[in-house]
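Everything on this sheet refers to the single structure shown next.
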Protein chains: 2
Amino acid sequence: MKNRLKVLRAERDWSQADLAARLDVSRQSVNAIETGKYDPSLPLAFRIARLFGLTIEEVFSEV
Amino acid sequence: MKNRLKVLRAERDWSQADLAARLDVSRQSVNAIETGKYDPSLPLAFRIARLFGLTIEEVFSEV
DNA sequence: GGCGCTAGTCAAGGTCGCTTGACACCACAA
DNA sequence: TTGTGGTGTCAAGCGACCTTGACTAGCGCC
């Protein structure tokens with residue numbers, strides 16, 4: 001799973017902590033997802049996509 | 001998280017075991033997802049959507 | 001009656017997702 | 001120099017995801 005979180009975040013000038021707060025998860029979770037340590041759960045993936053006004057497929061892609 | 005697995009499966013006349021084999025997961029996992037015991041992981045959600053030729057949003061929806 | 005297929009469920013176990021709390025490193029401002 | 005924000009990482013813990021193996025129950029068919 002690859003994702004465009006870092007770019008989407010940069011486009012809005014948000015820190016990892018900013019994004020974490022908007023998603024209601026910990027900063028460490030955002031960091032882990034961005035750095036590829038693990039994939040988000042499906043509900044969190046939905047929240048991420050909706051936050052950026054995109055579909056899940058537009059944010060995440062299979063390797 | 002709601003999903004249309006049962007309907008999509010019925011449209012194709014697949015058993016839970018059939019679907020499980022196509023997704024490379026156990027029959028119990030398919031059953032658990034259908035009966036709402038838990039949500040699939042994001043990678044599995046991708047596999048499910050692709051198998052049916054749909055987007056993740058077309059298969060799954062937030063409550 | 002018995003047989004085969006389907007769906008639902010349970011237990012036990014391993015890995016993943018997410019948490020809190022802490023620490024280190026870097027860049028930059030005061 | 002001190003400090004502040006941003007990022008990356010670690011540990012420990014808990015619940016979610018997924019597994020194998022087994023069991024129950026309903027259905028149609030022989």
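A note on names: the letters A, B, ... follow the listed sequences, proteins ahead of strands, and every chain is numbered from 1.
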> Taking for each residue the nucleotide of DNA chain D bearing the nearest heavy atom, is the 5' side occupied by A:Asp18 or by A:Ser41?
Replying inline: A:Asp18

> What is the distance from CE of B:Met1 to P of D:dA16, rounded to the nearest Å?
Replying inline: 15 Å

>> Return a single string for nucleotides 19-30 of chain C, one symbol per nucleotide in 5' to 3' order, where B is base contact, S is sugar-phosphate-only contact and - is none, cutoff 4.0 angstrom on heavy atoms.
In response: BBBB--------

> Who passes salt bridge (Lys or Arg N to Asp or Glu O under 4.0 Å) against A:Arg27, sequence neighbours left out?
Replying inline: none

>> Do A:Leu23 and A:Ile48 make a side-chain contact, defined as non-hydrogen atoms from C-beta onward lying under 4.5 Å apart?
In response: yes

>> Tell me every residue that passes salt bridge (Lys or Arg N to Asp or Glu O under 4.0 Å) with B:Glu57, counting only those two or more places apart in sequence or in another chain.
In response: none

>> Measuring only between side-chain heavy atoms, which start at C-beta, is B:Leu19 closer than 4.5 Å to B:Leu8?
In response: no

> Hey, is the side chain of A:Lys37 poking within less than 4.0 Å of OP1 or OP2 on D:dC10, counting only N and O atoms?
Replying inline: yes

> Counting side-chain heavy atoms from C-beta on, which of C:dT9, D:dC18, D:dG8 comes nearest to A:Asn31?
Replying inline: D:dG8

>> From C-beta outward on A:Gln16, which listed nucleotide comes closest to its side chain: D:dG6, D:dC18, D:dG8?
In response: D:dG8

>> Going by side chain to side chain donor-acceptor pair (under 3.5 Å), name the residues that satisfy it together with B:Ser26, two or more places apart in sequence or in a different chain.
In response: B:Ser29

> In whole Å, what is the span from the CG atom of A:Leu44 to the P atom of C:dC16?
Replying inline: 17 Å

> Side chain of B:Asp18, backbone of B:Ser15: donor and acceptor closer than 3.5 Å?
Replying inline: yes

>> Is any side-chain heavy atom of B:Leu42 closer than 4.5 Å to one of A:Leu44?
In response: no

> Once each nucleotide of nucleotides 25-30 of chain D is scored for protein heavy atoms under 4.0 Å, what B/S/- sequence comes out, 5' to 3'?
Replying inline: ------

> Between atom CG in B:Leu19 and atom P in C:dA7, what is the gap in whole Å?
Replying inline: 10 Å

> Taking CD1 from B:Ile33 and C1' from D:dA16, how many angstroms apart are they, rounded to a whole number?
Replying inline: 12 Å

> Under a 4.5 Å cut-off applied to non-hydrogen side-chain atoms, are B:Phe46 and A:Met1 in contact?
Replying inline: yes

> In whole Å, what is the span from the CG atom of A:Asp39 to the P atom of D:dC18?
Replying inline: 11 Å

> What pairs with A:Glu34 under salt bridge (Lys or Arg N to Asp or Glu O under 4.0 Å), at least two apart in sequence or on another chain?
Replying inline: A:Arg9

> So does B:Arg47 get a side-chain nitrogen or oxygen closer than 4.0 Å to the phosphate oxygens (OP1/OP2) of D:dC18?
Replying inline: no

